[in-house]
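Notes for the one structure printed next.
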Amino acid sequence: MIDAEAELGRRVQEFLAAHPPAQTDRDRFLRARFEAGLAWVDYPVGLGGLDLDNSVQPAVDAAFAAAGAPDNKPQSNVIGLGMAAPTLLQWATREQQERWLPPLWTGEEVWCQLFSEPGAGSDLAAVGASARRDGEDWVVNGQKVWTSLAHTSRWALLLVRTDPTVPKHQGLTYFVVDMQSPGIDVRALRQLTGEAEFNEVYLDDVRVPDAQRLGAVGEGWRVTQTTLMNERVAIGGSVGSRETGPVADLISMWREARADRPELLDDVTRLWVDAEALRLASALSAQAAERGTPGPEGSGLKLAFAQLAQASSSLTLDVQGPQALRYDDWTEHRPDLTTPPDRVPGYWYLRTRANSIEGGTSEVMRNIIAERVLGLPAEPRVDKDIAWKDIPK
Amino acid sequence: MIDAEAELGRRVQEFLAAHPPAQTDRDRFLRARFEAGLAWVDYPVGLGGLDLDNSVQPAVDAAFAAAGAPDNKPQSNVIGLGMAAPTLLQWATREQQERWLPPLWTGEEVWCQLFSEPGAGSDLAAVGASARRDGEDWVVNGQKVWTSLAHTSRWALLLVRTDPTVPKHQGLTYFVVDMQSPGIDVRALRQLTGEAEFNEVYLDDVRVPDAQRLGAVGEGWRVTQTTLMNERVAIGGSVGSRETGPVADLISMWREARADRPELLDDVTRLWVDAEALRLASALSAQAAERGTPGPEGSGLKLAFAQLAQASSSLTLDVQGPQALRYDDWTEHRPDLTTPPDRVPGYWYLRTRANSIEGGTSEVMRNIIAERVLGLPAEPRVDKDIAWKDIPK
Amino acid sequence: MTELPSLLPHEVDTDLRDAVAKLLEDRSPIDAVLHRCDAPEPFGDGARALWAGLTDDLGVAGLPLAETEGGAEATWRETAVVVEALGRAVADIPFFISAVMATSLAQAAGATGLLRDLATGHEIGAVVTPFAAPFEPRAEVGLHGSRVAGRVSAVAGALESTQLLVPHPDALLLVRTTDATITPLPSLDMTRRVADVELATVEAVVLAEGREAQQAVQRAAHVSAAMLASEQLGLAEYSLESTVQYLQQRRQFGRVVGSFQALKHRLADLWTLLIQARAVARYAAACAGAEEGTAAAHDLPVAASLAQSYCGPVAVKIAEECVQLHGGIGFTWEHPAHLYLKRAKVDALALGSAAWHRRELAKQVDL
Amino acid sequence: MTELPSLLPHEVDTDLRDAVAKLLEDRSPIDAVLHRCDAPEPFGDGARALWAGLTDDLGVAGLPLAETEGGAEATWRETAVVVEALGRAVADIPFFISAVMATSLAQAAGATGLLRDLATGHEIGAVVTPFAAPFEPRAEVGLHGSRVAGRVSAVAGALESTQLLVPHPDALLLVRTTDATITPLPSLDMTRRVADVELATVEAVVLAEGREAQQAVQRAAHVSAAMLASEQLGLAEYSLESTVQYLQQRRQFGRVVGSFQALKHRLADLWTLLIQARAVARYAAACAGAEEGTAAAHDLPVAASLAQSYCGPVAVKIAEECVQLHGGIGFTWEHPAHLYLKRAKVDALALGSAAWHRRELAKQVDL
């Protein structure tokens, strides 16, 4: 193991020597890193990796960063890296993988996810966008929503209904669709913060080659599970130090303003406590995962994170006092997702409302905990055994 | 109206002159008051009343109290007065009413309610205690629970299943049963406070004459609704002055102990606020009822009352400090229900746990509000259209 | 039972409420409010039409004023009915600022001339105090004879106003808005925008001095806090009703979403808070409107802080749950849920936070 | 990521936990605990058998002590495993009082002889401080040379004890229980009864004096608060598990009650609190058990107050919900839910309330 790590370290140094970051074109450098198997070291050889354990990835990334190598701007392609890549790894053919994975990893091609619809939110399996077979293609029609990055994406993961006459989970099929295809209309969706972080995507007779299908026809729900599982992982994230994360602004604002607002001490302390409890629980969960015995805490941590982020951003306004009424920017614009935006507390009060909706609502998290962790029975289901088309909508 | 009130006032004075309280035997006095129609003035003539509006009752009671007349110890017979009487008024025959109402009102006969069972709590319509017709009698078997006053009662309101082959709400029948009947076994049920306020009642081949049936066979659920409706009314109660009710102990304890525990000020103030909000909401509800436009607030007020009582009694222990660990009496005994017991805060912390269970759980209150007040749909019901005997238990 | 004032609406209240609601429906549908949030200036034509309807047609700006003050000889109780209706519609007009804050202050200072102007609605008053702070005399303002100088931040209604009332520790002053520099700020609640007010040694009319000025500010602070609760009640009522309606229609998992028990129970809890907030707001309004010398009038400081301790957090909670229970759609700009959320949160900060009012209350009732 | 100590159980912890759990199952089933609550004296035969099993057979009373102190050379981390298991079983033995409170105090005072006695379990120590108060030197006790006099109310474990440790502002004293007058009190938590302790000018051994005594008490207060969190965790775990089990079996309305979404969501929220309480308790134990000079050891005062700010209220909430969700049966004496409720509430009051610890924490972390 230690030999293997040393060997890997040598490989990285050799690569850096052969491709000095300062003298190498960014895209060429990244493509070469992918080809050398130093992109995702746990991926197969030929697909950006070396079939190693993913625990060694941080050391590789650190070595590249230390050498001043360009990174693949992961924040610009979160869905591609976090969700599309593992889904392709599991479900795509080798040929598909070789086409899609390299530019995905280098960031040359950004990915998005066409899953949610106005009528299929928490109940994702209810998607109504349809695909009809026509020769070697499928013809897709429908409307998707909450699509972040649709406006910068080359490819999308698409979940559609190919058979409305069977129960809802059975009639779905999963495709990769070229966002440059005719018939795709991406419209910015302005949200309550003023920004347009998400999009609505209208699909009007969009042709998708059958060769871009992942999994069998009717197997779309299973493929979707792979994608969603990785979404949850991505949301987990790392454990910061004390007073970072959702309470950071609150605590620093408090230390500035506390002399004027002593009545808020107990409220602030309560959230300090909640933040530290969540941080320790996240650390415990991460330690268990590192040891190879991951627990079922993810849904609970997401739930607690949303509550904490919302409560903290709300109290920050109370602590801030008169200036809290000052907003910064209501103009409709695309947020820069690569760095956390430097915005006023009022912005965060509004933005954190989404923490309990995006990536699985808090209500869905509670269902998951109750059923999968605590083993409580599912509620009576009225839509399980009937054809999708017969479900009341 | 004013004439009618003056006339009623004269009637009361005449009665008091004819039956000087100081010189009249208690039972005789009360019986005479019943016969004079001055018991429940809104009841029919001959059944304790004068067919008047019930808004004049308080004035009558006040006049009797002012004259030093004995009362009918309403706290010893809460179920009789609050629930049995209105049920008898609506469902019993005149003959039954004439037998049961006079000693009920005078307190010579106490009543209890044999409704809940171990397997039928919130789901009262699931009662499994059975009655089988046998000549002019019914033969009852089963177990009832949470029966307060069973050990002092002469009569009980009994809900039993007479037909297990029809859906659960349809197979129930309602009886009045003599608690002195052979086959009735009343056992004290000790609760977490140490007291035995309630009972379990075992019914073993108890014979109940068909003449003691209220409503038709199979109509028991409708009769039960009358009883329960009056339970809710009884729980509502009157509106006291500020700092009375569930926060009274907390506030007085706080004023004693606050110098030692300044960190609790905000918690205490929050409950003061909640108490005042509930008091004002109760007052608004009472004012609406007085004006003849009662609102649907009852369930919400009960819910809020339980929360407040529980939170206040809990915080009282924090305020009390070291002495909070001292309990007063764990011995199993029957509480005296005629006066509010003078107990330590720890007792109230425990006793108030029942506020969210007795008389309809807080969960049932929330269902009622959601469905009857907000008009949200009922959940899918799996037990509605199948025979009671086929419902999984 | 202690004798409480009536908390029920009188017949005239119902008429008043219906008249205001009708006007709002005609002149200020929610989409129009939403649209006006993007306008560079507040109080555009649509909002002005609504204002005119309220002040000219219905004449409700001077409800609590005496006839000699240009008023309708009603009380703050009736004003509360208007405030609640405007809250339901999250109306972007300076009614609360001018007809409640400024008017209560002018009334308490006995500024009859000003009151007559405010009552017509042709003059619009604003109080130069940061909206998200306790309503108190401002030390940021310097007084030099009858000239005032200073800068006060994030003042609500200054942009719409024509007259500025300036509470100073030693005097209550009146300045024409045109004599001040008003810098608009992008505002968390764009239906009630805030601005910085700069007074560059401006000549002012002294409305009251010394203890009289202080008492006037205190009275206005109590009346305003009490009346704000009715706005919060209106916000909460509308938010809850619209959420219930949405959940009665929206389907997921083949079921009406409003049939899911977890959501039903949350809505039941919110409704339970709402009926209590209603009683608290009505009591505060009754105390504000009570005749001097009565127990209710005497209880106004308690009722006002109680109202802001209770109704602010309830309105915020309900508005937050409204966004949450609408799912994604509630997070979009085009759905009005966010207007209620922003107003509710700003109102909870306004005139002293709930925590600040709890401290006040604790002093008042000896906790 | 800041380097945190491991919050996961070690292999040896799992063995320890299983051994204690087995012992509890054999010698202290919950019905036996319930039965003993009605006994006039605490620490009857059954409880003594359990105590003997823990101290003699498993030898866990001296886990964190050095060999020279009669200990097992483990740390408070391992003691926390025992405390958690005892909390799950709401065991009515003086382990927390003697093997945590008294032992941590004797250890901090360097009272080696006493530690050896406590480690065997043949002597049982109790600290003469009101259990429902911050763990601090007591001014009720007067010190006259080496003689102590005074009365301390509602002391936990005094009835079971053989040795009393008396923290006084100027010294830490040791008195034989037989030299004191112990008046038993009916106790809210009958599984950990309290008594008034009267010292009528009794000769005492001085274990430490002045600043040393004060530091010993402070260290013991931190260790005890940290360890109490593991007891609270155990209470909460059992309460939640038993509630889930009950709701998986109980049927109403033709459905398993645990399938009702409102209850499922409440249980999910409780579980979310529980996993956080677990991490907080583990961290506090790790800090208590950390080697001197490490970051974790330095953080003990914060970790201890954090633990009592968080775990106390969580255990109470879960125990209260356990009673509620059991419906009527949870309100009966014969069901053990109330034992957990009473213990959880008393523990939340013990060694400083959550509100008191939040104040301490605010000072520690500069809020």
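Convention: sequence-line order gives letters A, B, ...; per-chain numbering from 1. None of these values were measured; they are calculated from a predicted model.
Considering every non-hydrogen atom in both Q307(A) and D269(D), the closest pair reads NE2-OD1, 4.4 Å. Between L4(D) and R279(A), the shortest heavy-atom contact is CD2-NH2, 3.9 Å. Between S259(D) and A378(A), the shortest heavy-atom distance links the atoms CB-O, 3.8 Å.
Using a 4.5 Å cut-off between heavy atoms, E243(A) contacts chain D through its side chain alone, with no backbone atom that close. Contact of P262(A) with chain D is not made at all, since no heavy-atom distance falls under 4.5 Å. For a residue to count as touching a neighbouring chain, one of its non-hydrogen atoms must lie under 4.5 Å from one of that chain's; by this rule R291(A) touches chain D with the side chain only. When heavy atoms are compared at a cutoff of 4.5 Å, L303(A) approaches chain D solely by way of its side chain, counted from C-beta outward.
For the options L267(D), L306(D), L247(D), L263(D), heavy-atom pairs under 4.5 Å to chain A are most numerous at L306(D).
Using a distance-only test at 3.5 Å, with no hydrogens or angles considered, a donor-acceptor pair links the side chain of Q248(D) to the main chain of L374(A). Side-chain atoms of Q287(A) come within 3.5 Å of backbone atoms of L7(D) as a donor-acceptor pair (strictly under, hydrogens ignored). Judged purely by atom type and a 3.5 angstrom limit, K264(D) has no side-chain atom pairing as donor or acceptor with the backbone of I369(A).
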- Message: Working note: T269(A) + E360(D), criterion side chain to side chain contact (heavy atoms under 4.5 Å, CB included); need CA distance, chi angles, decisive distance, verdict.
- Response: CA-CA 10 Å; T269(A) 310; E360(D) 287 298 299; over 6 Å; no
- Task: Step by step, work out the side chain to side chain contact (heavy atoms under 4.5 Å, CB included) result for R278(D) and L280(A).
- Result: CA-CA 9 Å; R278(D) 179 177 295 131; L280(A) 292 169; over 6 Å; no
Output side-chain donor-acceptor pairs under 3.5 Å for residues 309-318 of chain D, partner residues at least two apart or in another chain, one line each.
from	atom 1	to	atom 2	distance (Å)
S309(D)	OG	S305(D)	O	2.7
Y310(D)	OH	Q276(D)	NE2	3.4

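Between D267(A) and R358(D), none of the side-chain N atoms (NZ, or NE/NH1/NH2) sits under 4.0 Å from a carboxylate O, so this pair counts as no salt bridge.
Atom CG of L376(A) is separated from atom NE2 of H265(D) by 10.5 Å, given to the nearest 0.5 angstrom.
Contacts between residues 279-297 of chain D and chain A, defined by a heavy-atom separation under 4.5 Å, are made by A279(D), V280(D), R282(D), Y283(D).
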